[in-house]
Number of protein chains: 2
Amino acid sequence: MVQRVTLSDVAREAGVSLATASRAINGSADRSVRPELVERVTEAAARLQYTPDATAQAMARGRTTTLGLLVHDIADPYFSAIAAAVVRTAEAEGLQVSLATTQNDPAREAQLIDLMRRQRARAVVIAGGRSAGERSDALAESLAALGRQGVGIAAIGQPVPGVASVAVDNRGGAAALAASLLDLGYRRFAVLGGPTDRVTARDRREGFLDALGDRGSVASSVETAFTWEGGHRALLRLAQDGVLADVDAVVATNDVMALGALAAARELGLGVPQDVALAGFGGISTLRDVVPTLTTVTVPMDELGVRAVRLALGDQGDVVESVGCDVVIGGSTPDLRGA
Amino acid sequence: MVQRVTLSDVAREAGVSLATASRAINGSADRSVRPELVERVTEAAARLQYTPDATAQAMARGRTTTLGLLVHDIADPYFSAIAAAVVRTAEAEGLQVSLATTQNDPAREAQLIDLMRRQRARAVVIAGGRSAGERSDALAESLAALGRQGVGIAAIGQPVPGVASVAVDNRGGAAALAASLLDLGYRRFAVLGGPTDRVTARDRREGFLDALGDRGSVASSVETAFTWEGGHRALLRLAQDGVLADVDAVVATNDVMALGALAAARELGLGVPQDVALAGFGGISTLRDVVPTLTTVTVPMDELGVRAVRLALGDQGDVVESVGCDVVIGGSTPDLRGA
DNA sequence: CTGAAAGCGCTAACAC
DNA sequence: GTGTTAGCGCTTTCAG
């Protein structure tokens, strides 16, 4: 039933040696094969429905054509957008993508890195932020072991020490958002800051606050879960504390939090933007269908994926590329100056 | 620099034979090893930071621990939800997921199946609908070759001939939707039917129409692209043709089309549901943030993924499991009977 | 319970 | 240009 056809079968069928068959089929670099023989081998292969065994090739060549991709959660639109870019780019390089999800668990992350090492992945791309004070010794060690093996590694989102990274300019984006909102006439803000220990959230929060300077003020900056529910709860709390009445705009450190806040505002009978303006961060594509359109800072997910693959496949070194973000003003933060 | 540690190194370090080291580390089924030696080997492995080479194991054992997953587009929320379930389930079975995207190209699909065969994948899950009249000879042949090799295969969405499948009951769901809308008092419908040759779209359209019977009528059933733009354009056209005024509700054969239609209605200054009611199909999670909440038929993406993996890993046979869909009534189709 | 040795399917020196 | 052959790192009979 499981009658595998091997290269020797093809060689025999074509009446050539194993080596010739191998060269004919994959076109080895140095040695070349007479066209006539190539044809004979190709035909024999087709006749027998031969498929090269990638595991055997990997073994003989000492390297695979697998690129490992680690994300927190592939169902998250941020990661799935990145994954799409990674898959596309990897395929263009003739690589297969081995996908694993870390569930935002640092221990698991290290474990999966080890798994990639076992698989002899050609390169590995790690997406997704980590916590600031996180004990990442295990991760660092796994990464080091991986790198020592000659595996290309790239991190997406926030730089990982010692690893080529393509970082999102969260600070810059947040600063640009602050500037835009100030320009539109907003002065008093509430910030849904996300988890305090999360680098991405922190950068966005601080970037916003710093850029505000003395041109604006922050009535409240609350710690929240980095989720829809986090944003939802936070807004309810702000309303309950009476802070909301005193605020021009609520700024969330990511889009899904902003959407949660939007839902909460609606539940409270508050209009967005009439009663409170709202901005997010991330630029996930599904925002398209939300009304009012959400003011946000777009992160170029596609570019992150593409560049990470290139980085992982290139000369390693401790590069940190940075990609910029763009402010997109939507209906959720109308121009106050006209009023 | 790339000094790989092999099992022989470990064996030497532990002072045992290669065979014993192998048995000690992976705990081979039949033969067992004296605990003391196991410990010595384990320690040696740890000391040398030994990692088994998965490609070599695959080669020696004749099988990999890879599960191939084929989707049209991993950035699509439908597929990313399925992928999340597949990855989770596969990991629980100790399998790695090799992800590839077909870009909705049948030729590419066959090609990727061949690739999975080369990779000696243990099992393959194919998600995503195909066209009805599609020349799928290449696909069928590739699948057959794969199956002959003993690789478990499962298809998600619509059954593939000769392949274990977990199908979505699109007809039933559409019929249930029709019944619900009729109950709510809707009578005249416009259907955004999707591409006529696409099985999924066709089943939903026909299921809806059949269930309507003589209790309702269809003013218009238009062919559209299965995308946001498709829904958008279709609604504009309906409005232009004056059909919309004559219709109680617009029913789209998938959610993103419904969202496109929603956007188009807004552009035309039409209120949903005041001026026209709207329903979709699919139940993608990002609908949560759309106002009004969209009436839709939810497809259990997670269950699809989980069951497909089980199917692919189980006894093959020509099984077709079917998963049901649930109608969820939202604000986009209010109860007309009160009015 | 342990070891020696024969492969798994392919590539890459190395000869001819 | 083509063929021979020695591995790649591991598992697994088969002897002991």
Side-chain angles (χ1 to χ4, degrees), chain A residues 2-42 44-45 48-66 117-122 149-150, chain B residues 2-42 44-45 48-66 117-122 149-150:
Chain A
V2 185
Q3 30 152 10
R4 289 206 207 290
V5 178
T6 75
L7 191 55
S8 334
D9 297 328
V10 176
R12 195 179 326 113
E13 172 89 5
V16 299
S17 77
L18 185 58
T20 301
S22 172
R23 296 197 266 253
I25 281 186
N26 105 10
S28 178
D30 47 344
R31 316 228 149 287
S32 75
V33 178
R34 191 159 25 117
E36 181 203 326
L37 280 192
V38 172
E39 194 182 345
R40 236 165 65 203
V41 172
T42 314
L48 299 176
Q49 292 206 61
Y50 168 74
T51 327
D53 184 325
T55 64
Q57 291 182 306
M59 164 117 230
R61 295 206 251 250
R63 62 203 172 77
T64 62
T65 57
T66 299
R117 184 151 75 101
R118 290 177 53 147
Q119 304 215 108
R120 302 294 183 254
R122 173 85 152 278
Q149 210 125 151
Chain B
V2 186
Q3 33 155 6
R4 290 204 206 290
V5 179
T6 75
L7 190 55
S8 334
D9 297 328
V10 175
R12 195 179 327 112
E13 172 88 5
V16 300
S17 77
L18 185 58
T20 303
S22 173
R23 297 196 265 253
I25 281 186
N26 105 11
S28 177
D30 49 342
R31 316 232 151 285
S32 76
V33 177
R34 191 159 22 118
E36 181 202 325
L37 279 192
V38 172
E39 194 181 345
R40 237 165 64 203
V41 172
T42 314
L48 297 178
Q49 292 208 60
Y50 168 74
T51 327
D53 184 324
T55 62
Q57 290 183 308
M59 163 121 217
R61 295 206 251 251
R63 62 201 173 79
T64 62
T65 57
T66 298
R117 185 151 76 102
R118 291 178 52 146
Q119 303 215 111
R120 300 297 184 252
R122 173 85 152 278
Q149 208 124 150

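What you see is a predicted model; the values in this text were computed from it and never measured. Lettering of chains follows the sequences in order, A, B, ..., and the numbering in each one begins at 1.
Counting only heavy atoms from C-beta on, A:Asp53 has its side chain closest to C:dC10 among D:dC10, C:dC10, C:dG3. Proximity note for A:Ala60 (side chain, C-beta onward) versus C:dC8, D:dG7, D:dT4: the nearest is D:dG7. Side-chain proximity of B:Arg34 to the nucleotides C:dA12, C:dG3, C:dC1 is greatest for C:dC1. Comparing D:dT11, C:dT2, D:dT2 against the side chain of B:Arg23 picks out C:dT2 as the nearest.
Of the candidates B:Gln119, B:Arg117, B:Gln149, B:Arg117 is the only one forming a side-chain hydrogen bond (donor to acceptor under 3.5 Å, both in side chains) with A:Thr51.
Proximity of B:Asn26 to the phosphate of D:dT11: a side-chain N or O atom is located under 4.0 Å from OP1 or OP2. Under 4.0 angstrom from either OP1 or OP2 of D:dT11 there lies at least one side-chain N or O belonging to B:Gln57. Within the structure, every side-chain polar atom (N or O) of B:Ser17 is placed at least 4.0 Å from both OP1 and OP2 of C:dT2. Distances shown here put every side-chain N or O of B:Ser22 at or beyond 4.0 Å from the OP1 or OP2 atom of D:dC10.
Summary of the strand contacts: B:Gly15 and A:Leu18 both lie near DNA chain C, and taking for each the nucleotide with the nearest heavy atom, the more 5' one is attributed to B:Gly15. Heavy-atom nearest nucleotides on DNA chain C were determined for B:Arg61 and for B:Thr20, and the one closer to the 5' end corresponds to B:Thr20. Nearest-nucleotide positions on DNA chain D for B:Tyr50 and A:Leu37 put A:Leu37 closer to the 5' end.
Rounded to an integer number of Å, the gap from CD1 of B:Ile25 to P of D:dG9 is 15 Å. The distance from atom CZ of B:Arg120 to atom P of C:dG9 is 8 Å, rounded to the nearest whole Å. The separation between B:Arg118 atom CZ and C:dT11 atom C1' is 14 Å, rounded to whole Å. What separates CG of B:Leu7 from P of C:dG3 is a distance of 13 Å, to the nearest Å. The distance between atom CE of B:Met59 and atom C1' of D:dC8, rounded to the nearest whole Å, is 9 Å. The nearest whole Å value for the distance from the CZ atom in B:Arg63 to the C1' atom in D:dT12 is 13 Å.
Side-chain contact check for B:Tyr50 versus B:Leu7: some heavy-atom pair is nearer than 4.5 Å. B:Val16 has its side chain within reach of B:Arg40: a pair of non-hydrogen atoms, C-beta onward, lies under 4.5 Å apart.
Under the 4.0 Å criterion applied to side-chain N and carboxylate O atoms, A:Arg120 and B:Asp53 are assigned as salt-bridge partners.
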Assess whether side chain to side chain contact (heavy atoms under 4.5 Å, CB included) is satisfied between B:Val41 and B:Glu36, documenting all intermediate values.
CA-CA 9 Å; B:Val41 172; B:Glu36 181 202 325; over 6 Å; no
